[in-house]
Undergrad: 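Below: one structure in C-alpha cells.
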Amino acid sequence: MVIKPSLPKGTRDFGPDSMVKREYITSVIKDVFGKYGFRPIETPAMENLQTLTGKYGEEGDRLIFKILNSGDFIKKSDAKAFAEEDSSAFGNSVSEKALRYDLTVPFARFVVQHQNDLTFPFKRYQIQPVWRADRPQKGRFREFYQCDADVVGSNSLMLELDFIRIYDEVFKTLKVPAAIHINNRKILAGLAEVLGITERLTEFTVILDKLDKIGEEGLRKDFAKNNFAPAVADGLFAILNAGSNVDKLVAIKNTLGASSLAMEGLEELNFVFAQADSLNLKNDLVLDISLARGLDYYTGAIFEVKPKGVSIGSIGGGGRYDDLTGIFGMKDLPGIGISFGLDRIQLVMEDLELFPQMEGSRVDVMFVNFGKEEALYSLKLANELRDQGVKVEVYPDGAKMKKQMDYANKANIPHVILIGSQEIAAENFVLKKMEDGTQLNLSRIELFEYFSNNNSTQHGH
RNA sequence: GUGGUUGUAGCUCAGUUGGUUAGAGCGCCUGAUUGUGGUUCAGGAGGUCGUGGGUUCGAGACCCAUCUUCCACCCCA
C-alpha cells in the first residue's frame, strides 16, 4: 500500500530557498545576541509534563502537546477518569512527557538544575522550535521557532535597556520597520488596585488587550458587559488618551499616585524613557498601557514588537519575571528575557521584500561532464578551485550537453567550464558566462586568476 | 476549543441545472539542434477529481463523516 505523503496540521518543510532566508535571519539575531554577552544553550524537545503545566495559564496548558507513554500504558491509566470522560485527568495518567511550549520555562528548569555550574547573572540565548496545539492560521503554526535571550540573577534596569536595544538592532539590521511596545505589570496591577478590581486583574487585562482591535468605544462596552463600573474605563482612558510617552508617564502619576505598586512601576518606566534617547534607537519605542500579555509569569516590564505595514500579530515579545525558578525550588532569582518569532519575521520580510540577494550560497561554476576521463580531469581542477574557496560543481553524469546546460541555467550558476578531449590536449579550457553566453579560452593559470580576481562570489555573511 | 472556508495533472486554475473517453496555461519529457542553456516550432507523458461512506440507472458536481487549507473568535511568536 502506498501512503500519500503529507504532514501533520500546522507543520511545514523548509526547502533550500526558505532555509537560506531563515539562516540569514538567525545569523543576524545570533550576532546581536553575542554582542550583548549572550551565549547559546539547547534543551531537549521534550520535557517532563509537570515541568510545563501550570506555567502558561489555563489556555496555555490546553495547548501543550502531550506525548503518549510507551509500553503498557493502559494498565497504569486512570480508568475512572476514562469512564467519566475526563480527558484532562485521563490524559495525565497516560502521558508523562510533553513537547516544549516555549523556551523560557525549560530555561528556568535548566538554570535550577545546573545552578552549581552557572555564574550569575547568567545570560543565554536559545534558538529552537516549540510546539503548540493551536489551530493554525497565517503566521500561526503548530511547530515554530523562537529565538530567546534571557538573563537571570539580576534586578538591574540596565537589562531592560539592553533588551530594547537588542530588539532595535535586530530589526534595524533586517530592515524590518517595527514598533517596540513596552508596559509594566506593576502599572496594570496598580491600576486595578486603584480601581478596586484587584481580584479581577486577569479578566480586566484580557479585555484591555483588545484595545487596538475594538477601540475605545468597544472597550467601554466590553467593560460594561462584564460588570466593570464606568469609573474603571474612565481611569484607564485618562492614561491611554494622553499624547506622548512623557504625557502618559505624567498621567500615570496623577491617576495612580495612591498605589505604591504603580509608582514602583512608574519609576521603572521613567528610568527606561529617561535613558531611551541615549540608546540611539531607529525604531519607535511606545509606552502602551493596553499591552497585557498572557503568560502568567511576568511581573515587571513587558515587551511586544509589532511590524509596521503588515498585519500578522507580534513578531517578538518578552518581559521581566521575579520568580520563574521558585516553582523548581530556587527562590529569589529574578530574570528578564525576550523572544523573536522567526517564522513571522520571515513572513513579514517576504511580504515587504526585504531579503537581500543571497548570492553567498550560490555555486560559482559548473564543469560540464563529457565522459569518464574528462570528468575525472575536471574533478581535479574543481578540487583545486575549491581549495581556493570557489564554490564548484562537476556535473555527475555524462548526460547530454543540453541537459547539463539546462541544469546550470536553472540552478543560476553563473559560469560553466567545458573540458573535452581537445581542451585536455591543449590545456586550454572554455569558460562560458551564462548571463550573456560569451566564452573565453583560458589556460590553467588564467582560469585560476579569473576566479581569484573576479570573485563575484565571496560576499558571505 | 467555537463558527466559517478550501481541496480537480508537478504548479495556478476551468469544469454549465448530476449524463458517455475530465480540460487549459505553465512546468516536465522527446525531437528539430549526437560539443552549448534561456527564444521558437513539432510531438509526448502525467489525474482512482483529498479520503471513506451514502443517494442515483448514472456523482468531479448532491448528502454525511474525516483529513487538509485559509479566515474570524480565543490565545499567541
Side-chain angles (χ1 to χ4, degrees), chain A residues 1-12 25 29 56-64 87-88 100-104 127-148 167 178 202 205-207 209-210 213-214 222 291-296 302-307 311-318 337-348 366 368-371 374 395 398-424 429-439:
Chain A
M1 179 182 145
V2 178
I3 294 167
K4 194 184 162 192
S6 67
L7 235 32
K9 185 198 293 224
T11 65
R12 298 147 299 153
I25 296 169
I29 292 173
Y56 309 108
E58 203 180 318
E59 183 74 18
D61 280 1
R62 200 167 54 77
L63 299 177
I64 293 172
S87 303
S88 162
R100 72 167 98 80
Y101 177 89
D102 71 357
L103 301 177
T104 308
I127 299 179
Q128 291 191 272
V130 303
W131 293 270
R132 297 185 186 176
D134 217 345
R135 206 181 285 194
Q137 278 178 39
K138 189 174 201 107
R140 188 182 214 180
F141 309 100
R142 289 187 149 186
E143 178 185 65
F144 61 96
Y145 275 72
Q146 291 193 324
C147 315
D148 274 34
Y167 269 140
T202 310
T205 52
V206 166
I207 299 173
D209 210 32
K210 296 181 193 168
K213 266 185 193 160
I214 62 178
D222 267 21
L291 174 61
R293 292 190 58 74
L295 297 177
D296 276 3
I302 44 184
F303 304 108
E304 199 158 290
V305 182
K306 293 171 185 172
S311 71
I312 198 169
S314 62
I315 51 178
I338 60 169
S339 180
F340 291 84
L342 172 60
D343 308 82
R344 286 187 181 175
I345 292 172
Q346 183 183 0
L347 285 172
V348 169
M366 185 194 91
V368 172
N369 186 325
F370 281 95
E374 293 90 334
Y395 197 88
K400 282 183 185 163
M401 176 86 113
K402 178 175 167 144
K403 188 172 164 115
Q404 298 193 39
M405 295 299 289
D406 199 40
Y407 174 88
N409 192 42
K410 279 183 182 142
N412 255 314
I413 300 172
H415 304 94
V416 150
I417 294 177
L418 302 150
I419 301 181
S421 49
Q422 298 165 34
E423 283 80 9
I424 292 177
F429 315 117
V430 176
L431 178 94
K432 175 170 174 133
K433 297 187 203 172
M434 293 299 279
E435 192 182 354
D436 54 13
T438 56
Q439 299 194 170

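Letters A, B, ... mirror the listed sequences (proteins, then strands); counts begin at 1. Because only heavy atoms are used, hydrogens play no part in the values below, and waters and symmetry mates are left out as well, while side chains stay in.
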Undergrad: Specify the separation, in whole Å, of atom CD1 of A/Ile302 and atom P of B/A77.
TA: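 To the nearest whole Å, that distance equals 12 Å.
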
Undergrad: Which residue in the set A/Lys410, A/Gln404, A/Lys402 passes side chain to side chain donor-acceptor pair (under 3.5 Å) when paired with A/Asp406?
TA: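 One option only clears the test, and that one is A/Lys410.
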
Undergrad: If you measure from the C1' atom in B/G46 to the same atom in B/U30, how many Å do you get, rounded?
TA: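 After rounding to an integer number of Å, I get 15 Å for this pair.
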
Undergrad: Tell me which nucleotide among B/C75, B/A77, B/U36 gets nearest to the side chain of A/Glu59.
TA: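 That would be B/C75.
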
Undergrad: Looking for any heavy atom pair under 4.0 Å, which part of the strands does A/Gly318 touch: base, sugar-phosphate only, or nothing?
TA: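 Counting heavy atoms under 4.0 Å across all strands, no contact is made by A/Gly318.
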
Undergrad: Return the polar atom pairs (N/O with N/O) between nucleotides 3-6 of chain B and the protein under 3.5 Å, or none.
TA:
{"unit_1": "B/G3", "atom_1": "O6", "unit_2": "A/Arg135", "atom_2": "NH1", "d": "3.0"}

Undergrad: Check whether the side chain of A/Asn409 and the base of B/G38 form a donor-acceptor pair under 3.5 Å.
TA: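 There is none.
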
Undergrad: By nearest nucleotide on RNA chain B, pick out whichever of A/Gln137 and A/Gly341 is the more 5' one.
TA: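 Checking each residue's closest nucleotide, the 5'-ward one belongs to A/Gln137.
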
Undergrad: CE of A/Met405 versus P of B/G38: gap in Å, rounded?
TA: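 Distance, rounded to whole Å: 9 Å.
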
Undergrad: Ring-plane angle category for A/Tyr167 and A/Phe303, please: parallel below 30°, perpendicular beyond 60°, tilted otherwise.
TA: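 Geometry flag for A/Phe303 against A/Tyr167: perpendicular rings.
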
Undergrad: Name the nucleic acid region contacted by A/Val416, choosing base, sugar-phosphate or nothing; use a 4.0 angstrom heavy-atom cut-off, strictly under.
TA: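 No contact at all - A/Val416 keeps every heavy atom at 4.0 Å or more from the nucleic acid.
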
Undergrad: Rounded to whole Å, how long is the line connecting atom CD1 of A/Ile214 with atom C1' of B/C73?
TA: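 Rounding to the nearest Å, CD1 of A/Ile214 and C1' of B/C73 are 12 Å apart.
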
Undergrad: Between A/Lys210 and B/C74, does any side-chain N or O lie under 4.0 Å from OP1 or OP2?
TA: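 Answer yes for this pair, as a side-chain N or O of A/Lys210 is under 4.0 Å from OP1 or OP2.
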
Undergrad: So if I take every side-chain heavy atom of A/Arg140 and compare against B/U36, B/C74, B/C71, which nucleotide ends up nearest?
TA: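 Of B/U36, B/C74, B/C71, B/C74 is nearest to the side chain of A/Arg140.
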
Undergrad: Judged by each residue's nearest nucleotide on RNA chain B, which is more toward the 5′ side, A/Gln422 or A/Thr11?
TA: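 Looking at the nearest nucleotide for each, A/Gln422 comes out on the 5' side.
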
Undergrad: Nearest whole angstrom, please: distance from the P of B/A77 to the CG of A/Leu291.
TA: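 After rounding, the reported distance stands at 11 Å.
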
Undergrad: Contact class for A/Asp406 vs. all strands (heavy atom < 4.0 Å): base, sugar-phosphate, or nothing?
TA: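 The answer is sugar-phosphate, as A/Asp406 gets under 4.0 Å only of primed atoms, P, OP1 or OP2.
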
Undergrad: When you compare B/G3 with B/A14, how far apart are their P atoms, in angstrom units rounded to a whole number?
TA: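 Pairwise P distance, B/G3 against B/A14, rounds to 28 Å.
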
Undergrad: Any chance the side chains of A/Tyr101 and A/Asp61 put a donor and an acceptor closer than 3.5 Å?
TA: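 No, because no side-chain N or O of A/Tyr101 sits under 3.5 Å from a partner of the opposite role on A/Asp61.
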
Undergrad: A/Lys400 near the nucleic acid: base, sugar-phosphate alone, or nothing, with a heavy-atom cut-off under 4.0 Å?
TA: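 Result for A/Lys400 = sugar-phosphate.
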
Undergrad: With a 4.0 Å cut-off on heavy atoms, is A/Glu423 in touch with a base, just the backbone sugar-phosphate, or nothing at all?
TA: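 Touches a base.
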
Undergrad: Once pairs are restricted to Watson-Crick or G-U wobble with both distances under 3.5 Å, how does RNA chain B read as a dot-bracket string, [ ] for crossings and | for other-strand pairs?
TA: ((((..(..((((.....[...)))).(((((.......))))).....(((((..]....))))))..))))....

Undergrad: Any donor-acceptor pair under 3.5 Å linking the side chain of A/Asp134 with the backbone of A/Pro136?
TA: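 Here the side-chain-to-backbone pair does not exist.
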
Undergrad: Please give, in whole Å, the distance from B/U36 C1' to A/His415 NE2?
TA: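 Checked: the NE2 to C1' distance equals 16 Å.
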
Undergrad: Distance to the ring centre below 6.0 angstrom and angle to the axis at most 45 degrees; does that hold for A/Arg132 and A/Phe144?
TA: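 A/Arg132 over A/Phe144 ring: no.
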
Undergrad: In whole Å, I'd like the distance from the CG atom of A/Leu63 to the C1' atom of B/A77.
TA: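 From A/Leu63 CG to B/A77 C1': 13 Å.
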
Undergrad: Contact class for A/Ile315 vs. all strands (heavy atom < 4.0 Å): base, sugar-phosphate, or nothing?
TA: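 Here A/Ile315 touches the backbone only, sparing every base.
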
Undergrad: Can a donor-acceptor pair under 3.5 Å be found between the side-chain atoms of A/Glu58 and the base atoms of B/G1?
TA: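 Answer no: no donor N or O sits under 3.5 Å from an acceptor.
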
Undergrad: Would A/Asp343 and A/Arg140 pass as an ion pair if we require N to O under 4.0 Å?
TA: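 No salt bridge links A/Asp343 with A/Arg140.
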
Undergrad: Hey, is the main chain of A/Ile315 close enough, under 3.5 Å, to the side chain of A/Arg344 for a donor-acceptor pair?
TA: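 Between the backbone of A/Ile315 and the side chain of A/Arg344 there is no qualifying donor-acceptor contact (under 3.5 Å).
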
Undergrad: What about A/Gln404: does its side chain form a donor-acceptor pair under 3.5 Å with the base of B/U36?
TA: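 No, no donor-acceptor pair under 3.5 Å.
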
Undergrad: Taking any heavy-atom pair under 4.0 Å as a contact, classify A/Gly316: base, sugar-phosphate, or nothing.
TA: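 Sugar-phosphate, backbone atoms only, no base.
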
Undergrad: For A/Gln146, which contact category applies under a 4.0 Å heavy-atom criterion: base, sugar-phosphate, or nothing?
TA: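 Sugar-phosphate contact only - A/Gln146 comes under 4.0 Å of backbone atoms but never of a base.
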
Undergrad: Kindly say if A/Lys9 contacts the phosphate of B/U68, meaning a side-chain N or O under 4.0 Å from OP1 or OP2.
TA: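 Indeed, a polar side-chain atom of A/Lys9 lies that close.
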
Undergrad: Return the value, rounded to whole Å, for the distance between atom NZ of A/Lys402 and atom P of B/U33.
TA: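 Nearest whole value for this atom pair: 11 Å.
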
Undergrad: Could you tell me whether A/Tyr407 contacts a base, only the sugar-phosphate backbone, or nothing, with contacts defined as non-hydrogen atoms closer than 4.0 Å?
TA: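 No contact at all - A/Tyr407 keeps every heavy atom at 4.0 Å or more from the nucleic acid.
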
Undergrad: Can you measure A/Trp131 atom CH2 to B/A77 atom P for me and round it to whole angstrom units?
TA: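 So the CH2-P distance, A/Trp131 to B/A77, works out to 16 Å.
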
Undergrad: B/A77 base stacked by A/Phe340? Criteria: ring centres under 5.5 Å, plane angle under 30°.
TA: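 Stacking is absent between B/A77 and A/Phe340, given that the ring centres and planes do not meet under 5.5 Å and under 30°.
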
Undergrad: Rounded to the nearest 0.5 Å, what separates atom CD in A/Glu435 from atom NE2 in A/His415?
TA: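 The NE2 atom of A/His415 is 9.0 Å from CD of A/Glu435, to the nearest 0.5 Å.
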
